[in-house]
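So the structure is just underneath, and the comments pick up after that.
Remember, it's 1-based here, ligands and their atoms both numbered in the order they're listed.
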Amino acid sequence: MREYNEEFAPVVMVGLRISESDEEFDHSMEELESLCEACELAVVDTVTQTLAHPDNATWIGSGKAEELARAVEIDGAEYAICLGNLSPAQMKNLQKIIKVPVWDRTNLILEIFSRRAKTREARLQVESAYLQFMMPRLTGMWQHLGRQSGGGGSRANKGVGEKQIELDRRQISHRISELRKELAQIDKTRDVQRRGRERDGFPNVALVGYTNAGKSSLMNRLLSMGEKSEEKLGEKTVFEKDMLFATLDTSIRKIEVNGRKPFLLSDTVGFIENIPHDLIKAFRSTLAEVKYADVLLIVMDASDPHHRMHKKITEDTLKDLDVEGIPRLYVYNKCDLLPRECVPANDIYRDSIYISTKTGQGIDDLLDTLFRVFTENNREVDVVIPYNMGDILNRIHNEAQITKESYEENGVHVAASCPAPLADYIAKVVG
Ligand SMILES: Nc1nc2c(ncn2[C@@H]2O[C@H](COP(=O)(O)OP(=O)(O)OP(=O)(O)O)[C@@H](O)[C@H]2O)c(=O)[nH]1
Ligand SMILES: [Mg+2]
């Protein structure tokens with residue numbers, strides 16, 4: 001039993017097992033409990049059922065639903081949280097029997113997201129996903145409100161309820177289209193910002209991976225290696241916590257580790273198994289940073305026995321995001337939690353790196369590997385930089401390998417092997 005904060009609302013967790021192995025089922029239930037915890041809910045009891053397929057009416061079958069109703073009553077639970085995605089009708093029927101709101105996994109994830117979203121963009125994205133999820137479920141929701149206000153199922157009430165649902169539906173559709181417009185506007189601003197960053201020509205690296213793998217911790221570790229001033233470091237650090245979906249908003253930071261060339265690193269929302277489709281759709285523009293990256297760092301918690309599955313889920317989600325062509329490095333984090341003999345030695349010519357953001361182990365190897373990948377994408381540049389463009393020449397000195405440099409009448413003639421983003425920048429500015 002986990003220890004919960006006293007203020008968390010008590011809930012019963014409900015698992016329906018169809019064809020999963022014991023191990024898969026237990027893991028999914030454990031993850032559901034972590035999702036509950038992230039949503040400030042305390043799991044006080046668990047009810048499980050095994051069926052060949054979900055019951056059409058009540059999802060777990062009517063006998064099990066009665067058992068659940070008793071458990072809910074005895075435990076004083078305020079919600080039942082179901083593993084799986086229930087149809088609107090299943091949710092409505094189950095709710096009627098157990099007399100407290102029923103949430104499925106999607107519901108729970110949406111709730112976490114709506115509590116955690118901070119920036120305007122994240123809030124709008126979550127609201128849009130929530131409303132789209134709610135639309136087909138309005139009937140069930142009204143029934144629950146009716147029951148709470150003591151209305152029950154009388155004919156007169158039902159009429160009012162249906163009218164209300166029609167009204168709600170129209171209002172929600174209207175709100176969804178408003179949200180779309182606002183998000184499209186934010187998208188435009190984001191595009192302008194991105195073009196601005198592209199103009200600077202620094203390589204873009206994106207952190208991606210399963211939630212709680214240590215993406216934000218890696219960002220913070222790299223920031224701390226470059227920033228000596230405590231105050232400035234405090235302003236740049238991102239939120240990290242042992243909790244699912246700690247990060248929802250994308251943060252982009254310039255990483256300047258002493259003696260190395262700068263690059264931009266973006267940290268974004270983590271992935272999870274069966275991530276609700278509406279949510280992925282809603283977060284597409286936040287995740288767009290991933291699409292424009294030069295290298296993806298796929299971060300995994302190597303101490304988690306399910307990290308191989310997490311890797312697969314991450315790769316499947318990336319497929320949906322259309323980022324197939326971007327080079328990837330696989331970062332096995334939390335190696336401090338593994339026996340020393342289980343951690344392979346790093347080799348910068350491989351694409352898997354073993355690190356610990358906690359101890360700093362392997363971080364230099366990760367940077368070496370990352371710069372090896374940048375260099376592999378280098379392009380040869382042969383240009384004359386006018387004398388009034390000293391800043392570009394400085395960057396070539398700092399970020400490229402110069403093979404020839406001579407001072408001519410119109411400027412400095414350089415031939416160099418440049419990181420692709422810098423080569424693009426030079427082509428744009430110098431021609
Ligand atoms: N022991 C150990 N713990 C780590 C390491 N890296 C991160 N953690 C812990 O793992 C937890 C999750 O870290 P985060 O950096 O928030 O993970 P994340 O991938 O950003 O997670 P989301 O934002 O939820 O997607 C935190 O409690 C970290 O302190 C590590 O190398 N070793
Ligand atoms: Mg994070």
Check your understanding: Taking distance alone, with no angle check, do A213 and ligand 1 share an N/O pair under 3.5 Å?
Key -> yes

Point to revise | atom 31 (O) of ligand 1 - nearest protein heavy atom and its distance | key: T357 N, 2.9 Å

Revision key, fill the gap. At under 4.0 Å between heavy atoms, what of N333 touches ligand 1? The answer is side chain

Check your understanding: Hey, what's the ring geometry for H306 with H27, parallel, tilted or perpendicular (30° and 60° as the breaks)?
Key -> parallel

Check your understanding: So does T211 have any N/O/S atom less than 2.8 Å away from the Mg ion (ligand 2)?
Key -> no

Exercise for review: Could you pull out, from K334, K241, R221, the option with a heavy atom nearest to atom 8 (N) of ligand 1?
Suggested key: K334

Review point. Salt bridge (charged side-chain N to carboxylate O under 4.0 Å, His left out) with D301: which of K334, K311, K358?
Key: K334

Review point. Where does D336 meet ligand 1, judged by heavy-atom distances below 4.0 Å: at the side chain, the backbone, both, or neither?
Key: side chain

Review point. Looking only at protein heavy atoms, which one is nearest to atom 28 (C) of ligand 1, and how far off is it?
Key: S217 OG, 3.7 Å

Check your understanding: How far is atom 25 (O) of ligand 1 from its nearest protein heavy atom, and which residue and atom is that?
Key -> K215 NZ, 2.9 Å

Exercise for review: Verify the distance test for T247 against the Mg ion (ligand 2): any N/O/S atom under 2.8 Å, yes or no.
Suggested key: yes

Point to revise | Residue pair R105 / S28, side-chain heavy-atom distance below 4.5 Å | key: no

Exercise for review: Could you tell me whether D267 and ligand 1 have an N or O pair separated by under 3.5 Å?
Suggested key: no

Practice item. Report the C-alpha separation of D294 and N377 in whole Å, then their side-chain angles, then the decisive distance to 0.1 Å, and conclude whether the side chain to side chain donor-acceptor pair (under 3.5 Å) test is met. Key: CA-CA 9 Å; D294 299 298; N377 290 336; over 6 Å; no

Check your understanding: With backbone taken as N, CA, C and O and side chain as the heavy atoms from C-beta onward, which portion of N212 lies under 4.0 Å from ligand 1: side chain, backbone, both, or neither?
Key -> both

**Study point:** Output field: ring centroids Y332/Y354 closer than 6.0 Å
**Key:** yes

**Study point:** For atom 29 (O) of ligand 1, the protein heavy atom that lies nearest, with its residue and separation
**Key:** E240 OE2, 3.8 Å

**Study point:** Ring-face cation contact, F202 with R395, 6.0 Å cut, 45° max
**Key:** yes

Review point. Looking at ligand 1, does any of its N/O atoms fall within less than 3.5 Å of an N/O of F239?
Key: no

